[in-house]
Amino acid sequence: MRRILLVSLLMLTVIATDAWAQGRTITGAVSSMEEGDPLPGVNVVLQGTATGTVTDVNGNYSINVPNDGGALIFTFIGYTSETVEIGNRNVVDVSL
């Protein structure tokens, strides 16, 4: 009985956590403004948080953000950083 109660409590906690952790996924690509080539290894961070990711070898990224949006900061060595408001978009492409 005790084990069933514990498992039920854990399942309820997981369900409640998922309901509160609502958000959305933003995807996009980062390229060089001059050549138009994809930029791998660009840091993409949700402004004001520690949530971030890095672009893959094709310059693509995916990051989870809150439903109310915010701004993404794109940084790469040798390039000027770019801050872009997300708004209601699900795809944010950037040229550095």
Side-chain angles (χ1 to χ4, degrees):
M1 180 69 179
R2 192 174 190 185
R3 185 175 287 171
I4 292 172
L5 182 60
L6 180 60
V7 169
S8 298
L9 182 60
L10 287 172
M11 289 177 65
L12 181 61
T13 303
V14 168
I15 292 169
T17 302
D18 285 344
W20 285 318
Q22 295 180 14
R24 59 192 171 123
T25 301
I26 304 298
T27 60
V30 182
S31 59
S32 167
M33 190 179 298
E34 294 175 6
E35 295 90 22
D37 296 331
L39 292 175
V42 175
N43 292 309
V44 183
V45 177
L46 180 61
Q47 188 175 34
T49 72
T51 302
T53 189
V54 178
T55 58
D56 64 15
V57 296
N58 297 315
N60 298 316
Y61 72 92
S62 176
I63 187 169
N64 293 321
V65 301
N67 282 330
D68 60 357
L72 296 176
I73 303 170
F74 298 85
T75 57
F76 193 57
I77 295 174
Y79 289 80
T80 303
S81 297
E82 189 79 29
T83 302
V84 178
E85 289 292 326
I86 298 168
N88 61 357
R89 298 182 287 173
N90 290 323
V91 176
V92 178
D93 294 330
V94 175
S95 294
L96 297 180

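One-based numbering along the sequence shown. Side chains are part of it too, since the values below use all heavy atoms of this structure and drop only hydrogens, waters and symmetry mates.
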Check each of V65, T53, N64 against L46 using the side-chain contact (heavy atoms from CB on, under 4.5 Å) test, and report the only one that passes. V65

Between OG1 of T75 and CG of N43, what distance do you get to the nearest 0.5 Å? 4.0 Å

Is there a chain of hydrophobic side chains (I, L, V, M, F, W, Y, each step under 4.5 Å between heavy atoms) that links V44 to L96? yes

Which atom of G59 lies closest to which atom of P38, heavy atoms considered: N-CB, 3.9 Å

Pairwise distance CD1(I86) to CG(D68) - rounded to 0.5 angstrom: 9.0 Å

Straight-line distance of D56 CG to Y61 OH, nearest 0.5 Å: 12.0 Å

Which pair of heavy atoms, one from A29 and one from N60, lies closest together, and at what distance? CB-OD1, 3.5 Å

Could you give all pairs that pass the side-chain hydrogen bond (donor to acceptor under 3.5 Å, both in side chains) test and reach residues 77-96, with sequence neighbours left out? R24-N90, S31-S95

Heavy-atom closest contact (T25 atom, S62 atom, distance): CG2-OG, 3.2 Å

Given the rule that I, L, V, M, F, W and Y join up when any side-chain heavy atoms are under 4.5 Å apart, are V84 and V30 in one cluster? yes

I'd like to know if the side chain of T55 reaches the main chain of V42, judged simply by a donor and an acceptor atom lying under 3.5 Å from each other, with no hydrogens or angles considered. yes

